[in-house]
Each structure stands twice: as structure tokens, then as C-alpha cells.
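Note sheet for the following structure.
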Amino acid sequence: MSMKPGTPPPPQPTARGLRLGLCCQFASEPIRFRTTTATSVARLPRADRLRKLAGLCAENAKALRQALEYCATHGIGSFRILTPILPVKTHPTAGYRVEELPGAEGIVTLFRQCGDFARQAGIRTGFHPDQFVVLNSPDESIVERSLADIESQAEIAEWTNADTVNIHGGGAYGDKRSALDRFLRAADRLSDRARSRLTVENDDRTFTPEDLLPVCRAGGIPLVYDVHHHRCCSDSLSIAEATEAARATWNREPLFHLSSPIEGWSGPRPERHHDYIDPSDFPPIWRGWPLTVEVEAKAKEEAVMRLRGSLTP
């Protein structure tokens, strides 16, 4: 595939070809991101609200720098930036444009410095908007809000050198084919900045890799292959087949997800994530080529470090 306009430069792979990614937060390290609620800030006069939000955004930019520095010094090759790093930015009543914030230029500079650091350190960054971002909803108002959320994430992604804004396929609404057609039509409404970073992930209830691969091929949208979800919501593809098919949808280093079930695969709810990763859940076919694997585990950095130790020859 050729690179689309606005596509960020590909991240550099690690020497071993595999980078493990930390998702959003820390379990033990004193690195914290701050947020707020629309209800809380709505009580404030507009000027005070923007002042408070500006302070939170600046603090989060500094926390992001700390997170990236931690990753760089601990051999963690990727960091997923939490969605509300600019709190309530797209809320319909409490939301704001970055330009409205006091000291906006300085805030953006802090985030751009994070992007520069990540680039220099070889740390890949990305975003994963929440489950309320649904591009294939039959409700146009939901689609419009979802597009706005993705555009907002893409704006921050540009500052932070992030190359993915990853979402799920959405709902089936009684007709998977029609739902995925709506997904493609909505995706085409995104700006180049957002569209070039958009990825889609198979989920644990509705859309399998086999469902999404035709959409990925038709729309040039990379598939973030979640092997845990595939084990919960299977199709005719084996893990090896799904891996190779997903890999082929990428025009840069692929990004996949890994997690383990908290009560084991025979437990009542295998979709629930464990604190750590069972090394046997890591597919052998994922070894030996450039790949980012985001570790979705409740123990966060501790889980990443433990998994890395178990994968070291």
C-alpha cells in the first residue's frame, strides 16, 4: 500500500522486531493523568471553566512526558494515550476548542514536545476512543459525535506523533453487511489527518476478523487484531490465518492487542481481562517480525515487564 496524505511517519521497530505497549495508566509508578466531568465544570462561569481545563490539559501534557520517559528507560516500545487527555473537549455543552483555553499555545507546545520525544526515543503512540464512538450507528447524531471525537483524537495525535486512532466496528443492528457499509461511508467523511490514522479492531461479541477484513481491504483501513477477542468471538480463521490477513492490511508496522482471561478460558466470562498475561496466550506466529503488541492487562506496566521477561529467550 502507498502512504496516504497526512499519514505520520512509520514508527521504528525494536531490534528484536517486537515492541510491547503500555495502555494509558500506571499501576505502581506515581504518574497520574487528571480528568474532570462535564457536570463539575458546568457549574463554573465560562472563563473559570476554561482556566481550570487549561490547567488540567497542561498537567496531562507533563504527565504524558513522564510516561514516555518511563517507557524509554524501561524498554517499553509503545504507549497508548488515554482518550480524555484533554478533558471533556468534545462534550456537547462543556466542550471547547483548544484555541479557547488560556495559554493554548503553550499547552500545544508541551504536547508537541511529547511527540518529538517519542519520535526520538522510538516510542510508538496511539489512541483508542471509548465504546461510545460508533461510526455505523443508524442514528446520525451519534455518527456526527463519533466523527467529532475521532477528529479531536487525530488533532492530538498529530501533536504527539501518534499514528493510530483505533475504534471498534460498532453494532450489527440486525444486519452486519449494512452496518459495515455504513461504517465505510462514515469513515470517508473524516479529514485526511483522521482518516490516515483510523484503524478498526475485532471485538468479543459482534465483529470478527473475518467480518472486518473486507472492510479493511475496501477502505484501506488497517485491522488491529485482538487475539483475545478472536478467541472469545471466533470465525473460520485460525489465529495464524487471522494474523497474516491482518498484517497485510497495514502499510506500516502492525499493531495488535493481547490479554488473558481473569478466570481462565473455561471460566464463566472469558472476555474479562486478567491483571497479567499468561505467556501461553502469546501466539508464536507473532514472533520474529516488526510488530507492536499493546498489553491490555490491569497490572499495567508490571504486566508489560513480566511479559517481556517471559518472552526473552
Side-chain angles (χ1 to χ4, degrees), residues 8-29 31 33 63-83 85 114-115 117-130 153 156-157 160-168 197-202 222-230 243 246-247 250 252-260 273-279 281-283 285-312:
Q12 297 301 307
T14 61
R16 293 179 179 272
L18 172 68
R19 73 173 91 217
L20 297 180
L22 172 61
C23 296
C24 304
Q25 304 280 3
F26 290 80
S28 301
E29 289 300 308
I31 300 172
F33 296 93
L64 177 58
R65 178 61 180 262
Q66 291 178 310
L68 295 172
E69 289 174 350
Y70 176 91
C71 290
T73 57
H74 289 79
I76 296 174
S78 175
F79 185 73
R80 182 194 295 174
I81 302 171
L82 75 166
T83 296
I85 198 159
C114 289
F117 179 86
R119 186 183 301 106
Q120 293 162 8
I123 298 170
R124 189 178 194 176
T125 55
F127 288 85
H128 192 357
D130 63 33
Q153 300 286 282
I156 311 167
T160 56
N161 198 45
D163 75 310
T164 55
V165 177
N166 180 49
I167 64 174
H168 288 179
R197 290 173 167 86
L198 184 69
T199 62
V200 64
E201 172 189 348
N202 60 296
L223 177 65
V224 172
Y225 175 46
D226 189 310
V227 68
H228 187 156
H229 289 170
H230 193 201
T243 292
R247 183 181 178 186
W250 286 84
R252 53 199 186 276
E253 181 178 315
L255 169 67
F256 290 175
H257 288 175
L258 177 69
S259 46
S260 291
H273 291 184
H274 200 288
D275 289 354
Y276 295 93
I277 302 296
D278 182 337
D281 287 332
F282 190 96
I285 194 174
W286 288 10
R287 291 177 177 265
W289 44 280
L291 173 66
T292 299
V293 177
E294 288 188 336
V295 177
E296 297 188 322
K298 294 179 181 179
K300 300 298 182 181
E301 76 276 17
E302 298 171 11
V304 176
M305 302 299 284
R306 182 181 293 189
L307 176 63
R308 188 178 69 178
S310 72
L311 296 176
T312 302

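Remember, it's a predicted structure, so these values are computed and weren't measured experimentally. Side chains are part of it too, since the values below use all heavy atoms of this structure and drop only hydrogens, waters and symmetry mates.
Proximity of Leu18 to Val293: side-chain heavy atoms (C-beta onward) are separated by under 4.5 Å at one or more points. Contact of the Arg287 side chain with the Leu311 side chain is registered, since non-hydrogen atoms from C-beta on lie closer than 4.5 Å. Between Arg124 and Asp163, the closest side-chain pair of non-hydrogen atoms falls below 4.5 Å. Within the 4.5 Å cutoff, the side chain of Ile76 has no heavy atoms near those of the Leu20 side chain. You'll find the side chain of Thr164 stays beyond 4.5 Å of the side chain of Arg197, heavy atoms only. At least one side-chain heavy atom of Arg247 sits less than 4.5 Å from a side-chain heavy atom of Trp289. A heavy-atom distance below 4.5 Å is not found between the side chains of Val227 and Phe282. Looking at heavy atoms from C-beta onward, Leu307 lies in side-chain contact with Leu258 at the 4.5 angstrom threshold.
Among residue pairs with one or both ends in residues 299-312, none qualify as salt bridge (charged side-chain N to carboxylate O under 4.0 Å, His left out); sequence neighbours excluded.
Two rings, from Tyr70 and Phe26, have their centers less than 6.0 Å apart.
Heavy-atom minimum distance, Ala303 versus Tyr276: CA-CD2, 3.6 Å. Shown here for Ala246 and Leu223, the closest heavy-atom pair between the two residues is CB-CD2, 3.8 Å.
For the atom pair CD1 (Ile156) and OG1 (Thr125), the distance works out to 11.5 Å, reported to the nearest 0.5 Å. Between the OG1 atom of Thr160 and the CZ atom of Phe79 there is a distance of 10.5 Å, given to the nearest 0.5 Å. Residue Ile167 holds its CD1 atom at 11.0 Å from CD of Gln153, rounded to the nearest 0.5 Å. Here Glu69 contributes atom CD and Cys114 contributes atom SG; the two are 8.5 Å apart, rounded to the nearest 0.5 Å. Remark: Gln120 CD to Leu68 CG distance equals 11.5 Å, nearest 0.5 Å. The line from OG of Ser78 to CG of Leu22 is 8.5 Å long, rounded to the nearest 0.5 Å.
Not counting sequence neighbours, the partners of Ser259 by the side chain to side chain donor-acceptor pair (under 3.5 Å) test are His228, His273. For His257, the ring pair (Phe, Tyr, Trp, His ring centres under 6.0 Å) partners at least two apart in sequence or on another chain are His128. Considering only residues two or more places apart in sequence or on other chains, Thr243 meets the side chain to side chain donor-acceptor pair (under 3.5 Å) condition with Trp286. Remark: Asp281 pairs with Ser260, Trp265 by the side chain to side chain donor-acceptor pair (under 3.5 Å) rule, at least two apart or across chains. Residues satisfying the side chain to side chain donor-acceptor pair (under 3.5 Å) criterion with His230, sequence neighbours excluded, are Tyr225, Asp235.
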What do the steps show when you test Phe127 against Thr199 for side chain to side chain contact (heavy atoms under 4.5 Å, CB included), and what is the final call?
CA-CA 10 Å; Phe127 288 85; Thr199 62; over 6 Å; no

Give the intermediate values and the outcome of side chain to side chain contact (heavy atoms under 4.5 Å, CB included) for residues Val200 and His168.
CA-CA 5 Å; Val200 64; His168 288 179; 5.9 Å; no

Side chain to side chain contact (heavy atoms under 4.5 Å, CB included) evaluation trace for Ile81 with Leu64
CA-CA 8 Å; Ile81 302 171; Leu64 177 58; 4.0 Å; yes

Full working for side chain to side chain contact (heavy atoms under 4.5 Å, CB included) between Phe256 and Leu291:
CA-CA 8 Å; Phe256 290 175; Leu291 173 66; 3.7 Å; yes

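Checking side-chain atoms of Glu294 against main-chain N and O of Cys23 turns up no donor-acceptor pair under 3.5 Å.
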